[in-house]
*Asks:* 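Below is the structure I would like to discuss, written out as structure tokens.
What you are looking at is a predicted structure, and each value in this text was computed from that prediction instead of being measured. Naming convention: chains lettered A, B, ... in sequence-line order (proteins, then strands); numbering from 1 in each chain.
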Amino acid sequence: MPLPIKKLAEVFTNKEIGITQGHRMCPGCAAPMVVKMVLMTAKALGYEPVVGLATGCLEVSTTVFPYTAWSVPYIHNAFENVAATISGVETAYRALKKAGKIPADKKYAFFAFAGDGGTYDIGLQSLSGALERGHKFIYVLYDNEGYMNTGNQRSGSTPPGADTTTAPVGKQIPGKLQLKKNIVEIVAGHENVYAATAVPAEPMDLMSKVEKALAFDGPAFLAILSPCVRFWRMDESKSVDITKLAVETKYWPLYEVERGVYRITRKPSSFKPVSEFVKMQGRFRLVLERPDADQIIKQLQDYVDRRWERLLALEQATKDKPIR
Amino acid sequence: MAKKMIQAITGAEAAAYAMKQIEPDVVAAYPITPQTPIVEYYAKFVADGLVKTEMIPVESEHSAMSAVVGAAAAGARAMTATSAVGLALMHEIVYIAASMRLPVVMHVVNRALSAPLNIHCDHSDAMAERDSGWIQLYCENAQEVYDLTILAVRLAEHEDVRLPVMVNQDGFIISHGVEPVELLPDEVVKAFVGELKPLYPLLDTDHPVTYGSLDLYDYYFEHKRQQIEAMKNVLKVFPQVAEEFYKISGRKYNFVEPYKMEDAQYVMVALGSTNGTIKYVVDELREKGHKVGLLKIWMFRPFPKAEIQRWLTGRKAVVVLDRSVSFGAEAPLYEAIKSALYEAASRPLLGSFVYGLGGRDINPDLIRYAFEKAMKHELVADQEMYLGLRE
Amino acid sequence: MPAKYFEVRWHSRAGQGAKSAAQLLAEAVLDMGKYAQAFPEYGAERSGAPMRAFNRISDEKITVHSAVENPDVVVVIDDTLLSPAVVVGLKKEGVLIVNTAHPIEFVRKKTGFEGKICIVRATDIALEELKRGIPNTVMLGTIARVTGLITLETAAQRIREMFERKLPEEMIQANLRALKRGYEEVTCSG
Amino acid sequence: MAELKGWKELPIAGLVIEPGTARKYKTGDWRVKRPVYDRSKCIDCMMCWFYCPDQAIIQENAVMKGINYFYCKGCGVCANVCPKKAIEMRPETEFITKEE
């Protein structure tokens, strides 16, 4: 189990977290919180993190030359290839370890961080290849549901109805029409993987999944909902709260898939309507002003309901039946 | 010098064999015709436990180069191989590897770019990367593939260079043609290439470094200037490394190979396997009393301008053969030669011949024809001509 | 830069609208029959980070595309940004225009600028007139008054055209009142 | 740009060879709202420290010591996650003269 927050504070009183101050992410951005939680968990367990980053907000805002907000080894290669890049790093580690060229007592943890663009879209092939090859790495998706680094363009993760600059809410078309890809199932389909969802508002759940990922003998994937306060058009102080609401509305169910076995890690006793999540964000404002707004919300509600039922059924069906 | 071991092997096998002796820590590669046998041979070496290399069987060339960048930044000696559209798919990361100053060695088995789809030799793939910041070496035969691969490791990793190297061989013609190759003993190669001294390895967690920062208008230019300097340094370092290689092999390499150049008045310049055919024609024409010669280019990047000037100044005519085109401009090798001769005290007559696109054969008759054009002074500097093309 | 160019540098925070304000000024200048450029600075900064935007204005066609180094006017949209850095390169005979509720002496002390300083309570005026603390239209009025680059009438016309299809009439009126107050309520040193 | 280094002085390849140099970079001047902390209400739960995206909460062995205004961008997450309302967000302009 992860350390309680107060205990973590003690551990990190005089210890580097791995990401430092002086980065240039927006005020209230959830991505640096995610990185902190992930790296603190690894470091508290005695791992030496090595970080790869896909091009994106987190990348440009943390490494403006000559400044770096990283105090762990870090590599950014390009947008679409963080998984391939970290697989090269991890393979180098195995080769050099075998050759006795690096200290045997060091516990390395290889992380690839990427946004949804670098994961769902342009980086999907590289991710799939690295998962299939079975590299021991942890891929952390900070999902802000759009190309936020470049000013709010649509991605394969943008939810329907969200206003983006490349799928704007227009007079004819109500913003993005398509549902998000189910990235966790795509990843879980590689079978010999650990895949899980998490949110900053449930830190113990998140950090225990990082722990599992670290211990898992193979590739691991964490999909973490990471609000973009700027383009979700919301109060920047509420970036944590909204992820709690995402769980409570079934928008972002918390579960994990370990070698094909599904387990829901948070089952709220009652749920809130998905409209509460939607109405908290300005990116849905224009679609909510449309005459067919109720219908659009109902479709989203139906979807999250069905997906929840399906998750429950999968949990039941896959219990004690790992696929590998 | 160790006792000679000569084997009849293909260019691809020569490449793989050199890699086996170098025994890089990591090889990441994706198969593509006509590079495939290199990957296959190497995979077998790994499977048979003949090398300790960790191989990454990636899902694309893009990931091959990406993984090689990761591995090299981590502190490993890393290699890969590709061809044509595979190289084109890597393109983005080819630049990144050079700009991160990672001393990677890559085989490029030259093949035409699509469309239409073609699997045969020309140099359009490598020429599209000529400004990527990689050192480019071109091989005439399997022996050179073997030798220059070994030499490339030392050149790439030299502290004044720290740049990746592309070792080019002509697709099918060299990669699949069997020729005798003199191989060096394993221990000689291992001693020659030595251990990689990684610079700022990622795996040194006690000294964390940041690779691939965001570098805007206040610093990017300076970092490019460093790369320019590293390329200039290649011109100093290459002869030193070549001299050391000569000591272990008895084979001499340089930026260019002059062939019967002493009194040559009509000179041909080319890259790759065609040079061997040109040598044959030079011999033949010499027998008839013609003062012809060949200047084979081993190193195209950095471009050895001073050497070119030294060898071509004062000749009567120079014919440049290009196995690629630059649509709307002059062919790459010709353009470079012409530019180098701008400052020459006595400029020769210049002619540009494009040949061999998509694997179109180049035979002695065609080369003889080009020499004859030169000897008849029928060259026009601004007029590109074509060898072996139907009008 | 040649004397024939008049140059403005805006200081604000990413997301505060300096880019749009510079564009608005350029459009108003064009309406006056002059030539203008507006261009922001693109970096890695996120919302809230200090950022800059620029204008270049001339009676003749502008062909220069280089950076503005010695502006004639510096406009500071957020007084929490005041520091000597905002007046770097500002011509001695230039003007520093600041949106602030503080006195001129405060601005002088914060920036060390010895030339002409003009202040306007643009955020307060915007809050009073528009019910939102977006000071751009107020600042445009102030710039019209201080620099004479544009007339109040042209600025008003530009605002009307820009908002006509987007905002209800009462909001357009509010913007025009904000513009006028920016013109009238500016205080300058010396 | 006289203070910037020339190409001979910079490490190669755009590498940053010193860790965490961003610590020298002030992000506190982005702030328009300032978190003000009331020790008397604080229970040292460390929620503010845990969530602060800019690591601007100063703590020692899980005892809250204050806010680092050199980095704090004023997002208000700390005030929002504080279970005891020990942090209040105030307009930065209130403090602009006080620091003289």
Side-chain angles (χ1 to χ4, degrees), chain A residues 16 18 24 47-53 55 59-99 101-103 106-108 110 112 125-133 135, chain B residues 23-28 30 51-78 80 90 92-93 95-97 100 102 104 195-196 198 200-216 218-220 222-223:
Chain A
E16 292 273 348
R24 306 183 203 183
Y47 286 92
E48 299 274 5
V50 176
V51 168
L53 221 70
T55 307
E59 174 262 320
V60 301
S61 304
T62 55
T63 59
V64 188
F65 190 88
Y67 301 106
T68 180
W70 298 90
S71 57
V72 289
Y74 164 101
I75 183 167
H76 158 249
N77 189 342
F79 191 5
E80 67 284 41
N81 65 354
V82 66
T85 305
I86 210 74
S87 76
V89 177
E90 186 260 358
T91 306
Y93 158 73
R94 281 188 283 112
L96 295 177
K97 192 178 174 193
K98 200 165 60 179
K101 288 178 188 166
I102 46 174
K106 263 194 186 170
K107 253 169 50 177
Y108 285 87
F110 299 98
Q125 173 182 318
S126 162
L127 170 60
S128 175
L131 292 171
E132 182 271 332
R133 295 190 299 272
H135 296 279
Chain B
E23 205 177 353
D25 302 302
V26 175
V27 169
Y30 188 73
V51 287
K52 292 196 288 285
T53 305
E54 288 287 336
M55 200 151 171
I56 316 180
V58 282
E59 83 297 335
S60 71
E61 286 87 357
H62 194 284
S63 285
M65 187 49 70
S66 300
V68 160
V69 163
R77 185 177 270 159
T80 185
M90 283 181 181
E92 177 193 21
I93 318 300
Y95 270 69
I96 290 172
M100 283 190 182
L102 300 172
V104 172
E195 293 270 322
L196 167 72
Y200 308 121
L202 280 175
L203 292 173
D204 180 3
T205 53
D206 297 332
H207 301 94
V209 289
T210 290
Y211 271 83
S213 59
L214 175 72
D215 205 24
L216 300 177
D218 46 358
Y219 286 103
Y220 181 87
E222 277 69 25
H223 290 126

*Asks:* Identify the heavy atoms of A/A95 and B/V26 that sit nearest to each other, and give their distance.
*Replies:* CB-CG2, 4.2 Å

*Asks:* Supply the atom-to-atom distance A/E48 CD to B/D204 CG, rounded to the nearest 0.5 angstrom.
*Replies:* 10.0 Å

*Asks:* Rounded to the nearest 0.5 Å, what's the gap from CE on B/M100 to NE2 on A/H76? Could you check?
*Replies:*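 Here the interatomic distance stands at 7.5 Å.
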
*Asks:* Given a strict heavy-atom distance threshold of 4.5 Å, which part of B/H223 is in contact with chain A: side chain, backbone, both, or neither?
*Replies:*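 Contact with chain A involves the side chain of B/H223 alone.
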
*Asks:* Report the distance from atom CG of A/N81 to atom CD1 of B/I93, rounding to the nearest 0.5 Å.
*Replies:* 4.5 Å

*Asks:* Using atom types as modelled and distance alone, determine if a side-chain donor or acceptor of B/Y211 lies under 3.5 Å from a backbone N or O of B/Y200.
*Replies:*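 Looks like yes, one N/O pair under 3.5 Å.
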
*Asks:* Pairing donors with acceptors under 3.5 angstrom, does anything connect the side chains of A/T63 and A/W70?
*Replies:*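 Distance-only check fails for A/T63 and A/W70.
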
*Asks:* I need the residue from B/S213, B/S63, B/S66, B/A72 with the largest number of non-hydrogen atom pairs under 4.5 Å to chain A.
*Replies:*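 Counting heavy-atom pairs under 4.5 Å, the top option is B/S66.
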
*Asks:* Please check if the number of heavy atoms outside A/K98 that lie under 6.0 Å from its NZ is greater than 12.
*Replies:* yes

*Asks:* So which part of A/V50 gets closer than 4.5 Å to some heavy atom of chain B, the side chain, the backbone, both or neither?
*Replies:* side chain

*Asks:* Measure the OG1-CG distance between A/T55 and A/N77 for me, rounded to the nearest 0.5 Å.
*Replies:*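 Output value for this atom pair is 8.0 Å.
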
*Asks:* Using non-hydrogen atoms only, which part of A/Y108 is less than 4.5 Å away from chain B: side chain, backbone, both, or neither?
*Replies:*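 For A/Y108, the contact with chain B is made by the side chain alone.
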
*Asks:* With a 4.5 angstrom heavy-atom cut-off, which part of B/A28 approaches chain A: side chain, backbone, both or neither?
*Replies:*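 Neither the backbone nor the side chain of B/A28 comes within 4.5 Å of chain A.
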
*Asks:* Would you compute the distance between atom CG of B/D215 and atom OH of B/Y220 and round it to the nearest 0.5 angstrom?
*Replies:*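 Separation between the atoms: 8.0 Å.
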
*Asks:* With a 4.5 angstrom heavy-atom cut-off, could you sort out which part of A/F110 is near chain B: side chain, backbone, both or neither?
*Replies:* side chain

*Asks:* For chain B, which of A/A130, A/S128, A/S126 has the most heavy-atom pairs under 4.5 Å?
*Replies:* A/S126

*Asks:* Return the option, out of B/K52, B/M65, B/R77, B/E92, with the maximum number of heavy-atom pairs under 4.5 Å with chain A.
*Replies:* B/E92

*Asks:* Roughly how far apart are B/T80 OG1 and B/M90 CE, rounded to 0.5 Å?
*Replies:* 4.0 Å

*Asks:* Let's test your reading of the structure: which of B/G75, B/A74, B/A73, B/G70 forms the most heavy-atom pairs below 4.5 Å with chain A?
*Replies:* B/G70

*Asks:* For a 4.5 angstrom cut-off between non-hydrogen side-chain atoms, does B/D25 reach B/E54?
*Replies:* no

*Asks:* Heavy-atom distances under 4.5 Å only: say whether B/L202 touches chain A with side chain, backbone, both or neither.
*Replies:* both

*Asks:* Any idea which of B/A97, B/A76, B/A64, B/A67 has the most non-hydrogen atom pairs under 4.5 angstrom with chain A?
*Replies:* B/A67

*Asks:* Below 4.5 Å from any heavy atom of chain A, which atoms of B/V58 appear? Answer side chain, backbone, both or neither.
*Replies:*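 Both parts, backbone and side chain.
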
*Asks:* Determine the option with the most heavy-atom pairs under 4.5 angstrom with chain B, choosing from A/K101, A/Q125, A/H135, A/E132.
*Replies:* A/Q125

*Asks:* Is it the side chain or the backbone of A/E90 that comes within 4.5 Å of chain B heavy atoms, both, or neither?
*Replies:*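 Neither; nothing under 4.5 Å.
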
*Asks:* Is it the side chain or the backbone of A/S71 that comes within 4.5 Å of chain B heavy atoms, both, or neither?
*Replies:*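 Backbone only.
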
*Asks:* Where on A/I86 is there a heavy atom nearer than 4.5 Å to chain B: the side chain, the backbone, both, or neither?
*Replies:* neither

*Asks:* Is B/P201 close to chain A through its backbone or its side chain, or both, or neither, when contacts mean heavy atoms under 4.5 Å?
*Replies:* neither

*Asks:* Which region of A/P66, side chain (C-beta onward) or backbone (N, CA, C, O), has a non-hydrogen atom less than 4.5 Å from a non-hydrogen atom of chain B, or is it both or neither?
*Replies:* both

